[in-house]
Amino acid sequence: MTPGAVQTGAVQTGAVQTGAVQTGAVQTGAVQTGAVQTGAVQTGAVQTGAVRVGAPRIRRLLIANRGEIAARVIRTCARLGIESVLAASDADLDALPARLADRVVRLGPAPATASYLDATAVVRAAQAIAADAVHPGYGFLSENPVLARACADAEIVFVGPSAESLEAVGDKLRARAHAVAAGLPVVPGGEAADLAGARAVAAEVGYPLLVKAVSGGGGRGMKLVASPDELSHTLDLAMSEAAAAFGDPRVYLERFVESGRHVEVQVLGDGTRAVALGDRDCSVQRRYQKLFEEAPAPQLSEGARAGMAQAALALAEHLRYRGLGTVELLHDRERDSFYFLEMNARIQVEHPVTEMVTGLDLVAEQLAVAEGMPLRLRQEEIVLSGHAVECRINAEDWAHDFRPSPGRIDRVVLPVGDGIRVDTHVQGGSVVPPYYDSLLAKLVVHGRDRDDALARARAALQLLRIEGVTTTVPVHQLLLADPEFAAGGVDTAFFERFLTSHRPSLVEVS
């Protein structure tokens, strides 16, 4: 075989386990998963986690989440000898993670407000099965201090930061204040309680600007205001959306950086010390929702990269942060400067790219810190190898304004091979319910460098099949073929430009 060539094949998924497949170097195949196991298989340079000594030891873990992250946590539990118990809604009792877990407990009805967003139900489920700890995954209650405190009151370990840290970074205005106290630069802006307050902030920072939800995340409650005549209407929309999504209508305004990149730093702390585990670029976004991530961030000056890592560590140490966290930064391409955006106090959807380049199991590190163990990693021991990319595969029709595509999946074919990992919770026969996020799978690919990783990802996308629902595979194929994207370092406005120029092709491909 020619050095550097990517040879692909396939595996069809049908019955029991379809999680993540990771190997190491050149040859990729395809797996059609049928009855036994196509799930989270991870090999290579992954550390096996901390030695389990000291109290409290986690022997039984309640996973209060669903989808691919539930399957991901179950995988690490199996490797570490921890009993996994999945707390599932009625819509997920027969889903793949429920069959992968050692046990399943019903959390509540299908709507998230009656199940995954009910802190009382989560704690009650943990008590019912005598769980030592609760892992909240991402989304839902993962950054909710109410759940963290309820777990503490019930003497159950919350696998995440302290309630105080969650409160410090969950409120975006408080997070900005902590960032300033830690010495981080922030985008000029301020809180706007009403239209008069918004006009005052706008007069100071200028247009265009962003309206953001104080308690927000995931792009919800975030709106762009290009001129003064848009402010009143946009402010009302943002407040309404923030109130509906987070129960908190408060918003703040900040300057919009015209050519900015979304770069984030992964940190891990034990409450005393913290380490930075490299950076990721998440600039390929649609309406502030991430679609593609990579590590490390490409086309970034070494000065900016080092400054971002130092800033993230300064904030983590200032907060005496315990657990996994991500410090999100806005990189100004024109000035080669950066600003603090927010801190996500949980494991991220895109954590696999960091795992691929560090060789770490981040869920295992989460669990070790939650047990009260000190960090076993020192900053000088963190060495990045190669480049990793992640394509989020959603059940959406990208050719028709990302229309959701729930329904029954008929057939799943996953690429496998060197440097390929697929994190998923679906297989042939799975049902995509209409109640939750549309994420079906994450195709994660590691290569010697960025060009190699992209080449492997292109080959893997050719093999990936999820039939029965419409997916975003076609747009990722077009994205990876785009010259501007392939050059690296695109800004957050790139993807909207890309869609404008590729819309006819998307309709054709789909």
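Given the structure is predicted, the values throughout are model-derived calculations rather than measurements.
- Under the 4.5 Å side-chain criterion, counting only non-hydrogen atoms from C-beta, Arg273 is not in contact with Pro374.
- Of the residues listed (Asp279, Val327, Leu300), the one engaging Met308 in a side chain to side chain contact (heavy atoms under 4.5 Å, CB included) is Leu300, and it is the only one.
- Judged purely by distance below 3.5 Å, without hydrogens or angles, the side chains of Ser438 and Glu396 pair a donor atom with an acceptor atom.
- Gln285 and Arg287 form no side-chain donor-acceptor contact under 3.5 Å, judged by distance and modelled atom types alone.
- Applying the side-chain hydrogen bond (donor to acceptor under 3.5 Å, both in side chains) test to residues at least two apart or on different chains, the pairs with a partner in residues 106-129 are Asp90-Arg106, Asp92-Tyr116.
- At distances below 3.5 Å, at least one donor-acceptor pair connects side-chain atoms of Asp132 with backbone N or O atoms of Arg59.
- In this structure, the side chain of Arg322 engages the main chain of Gly160 through a donor-acceptor pair within 3.5 Å.
- Atom NE2 of His262 is separated from atom CG of Asp491 by 13.5 Å, given to the nearest 0.5 angstrom.
- Judged by distance alone, the side chain of Thr492 and the main-chain N or O of Ser283 form no donor-acceptor pair under 3.5 Å.
- In this structure, the side chains of Ile69 and Ile347 come closer than 4.5 Å at one or more pairs of heavy atoms.
- For Glu155, the CD atom counts as loosely surrounded, since its 6.0 Å shell holds 12 or fewer non-hydrogen atoms of other residues, nucleotides or ligands.
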### Query
Given the rule in the side chain to side chain donor-acceptor pair (under 3.5 Å) test, do His331 and Asp281 qualify, once you have shown the distances and angles that lead to the verdict?
CA-CA 10 Å; His331 177 253; Asp281 191 303; over 6 Å; no
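- With sequence neighbours left out, the side-chain hydrogen bond (donor to acceptor under 3.5 Å, both in side chains) criterion links Tyr138 to Glu68.
- Taking the side chain to side chain contact (heavy atoms under 4.5 Å, CB included) definition, one finds that Val186 meets it with Arg176, Ala179, Val180, Phe340, sequence neighbours left out.
- Residues Glu294 and Val284 are not in side-chain contact: their nearest non-hydrogen atoms beyond the backbone lie 4.5 Å or more apart.
- Residues Leu61 and Leu367 are in side-chain contact: their nearest non-hydrogen atoms beyond the backbone lie under 4.5 Å apart.
- The ring pair (Phe, Tyr, Trp, His ring centres under 6.0 Å) contacts involving residues 351-377 comprise nothing, where partners must be two or more places apart or lie in separate chains.
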### Verdict with supporting geometry, Glu328 and Asn344, side chain to side chain donor-acceptor pair (under 3.5 Å)
CA-CA 8 Å; Glu328 298 197 347; Asn344 291 318; 2.6 Å; yes
#### Entry: salt bridge (charged side-chain N to carboxylate O under 4.0 Å, His left out) assessment of Asp102 paired with Arg60
CA-CA 10 Å; Asp102 294 312; Arg60 180 176 297 147; over 6 Å; no
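- Using modelled atom types and a 3.5 Å distance limit, the side chains of Ser89 and Tyr436 yield a donor-acceptor pair.
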### Message
One pair to check against side chain to side chain donor-acceptor pair (under 3.5 Å): Thr326 and Arg280. What are the steps and the verdict?
### Response
CA-CA 10 Å; Thr326 298; Arg280 300 185 287 254; 3.1 Å; yes
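- Between the side chains of Arg72 and Thr76, a donor-acceptor pair is found at a separation under 3.5 Å.
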### Query
Would Arg261 and Asp332 satisfy salt bridge (charged side-chain N to carboxylate O under 4.0 Å, His left out), going step by step from the backbone distance to the final call?
CA-CA 7 Å; Arg261 295 174 60 189; Asp332 188 328; over 6 Å; no
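- Salt-bridge formation is detected for the pair Arg392/Glu350: a Lys NZ or Arg NE/NH1/NH2 atom is positioned less than 4.0 Å from an Asp or Glu carboxylate oxygen.
- Residues Phe494 and Leu479 have side chains in contact (heavy-atom distance under 4.5 Å, counting atoms from C-beta outward).
- Side-chain contact check for Leu362 versus Gln266: some heavy-atom pair is nearer than 4.5 Å.
- Looking at heavy atoms from C-beta onward, Arg250 lies in side-chain contact with Ser215 at the 4.5 angstrom threshold.
- Annotation: ring-ring contact (aromatic ring centres under 6.0 Å, His included) contacts of Phe485 (sequence neighbours excluded): Phe292.
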Side-chain donor/acceptor pairs under 3.5 Å, residues 162-169, sequence neighbours excluded:
{"unit_1": "Ser162", "atom_1": "OG", "unit_2": "Ser165", "atom_2": "N", "d": "3.1"}
{"unit_1": "Ser162", "atom_1": "OG", "unit_2": "Ser165", "atom_2": "OG", "d": "3.3"}
{"unit_1": "Glu167", "atom_1": "OE1", "unit_2": "Arg149", "atom_2": "NH2", "d": "3.3"}
{"unit_1": "Glu167", "atom_1": "OE2", "unit_2": "Arg149", "atom_2": "NH1", "d": "2.6"}

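- Under a 4.0 Å N-O distance rule, the pair Arg305/Glu302 qualifies as a salt bridge.
- Environment of OH in Tyr435: sparse, with no more than 12 heavy atoms of neighbouring residues, nucleotides or ligands closer than 6.0 Å.
- For the pair Leu341/Leu329, no side-chain contact is recorded, criterion being any heavy-atom separation below 4.5 Å from C-beta on.
- Aromatic pair His387/His446: ring centres not closer than 6.0 Å.
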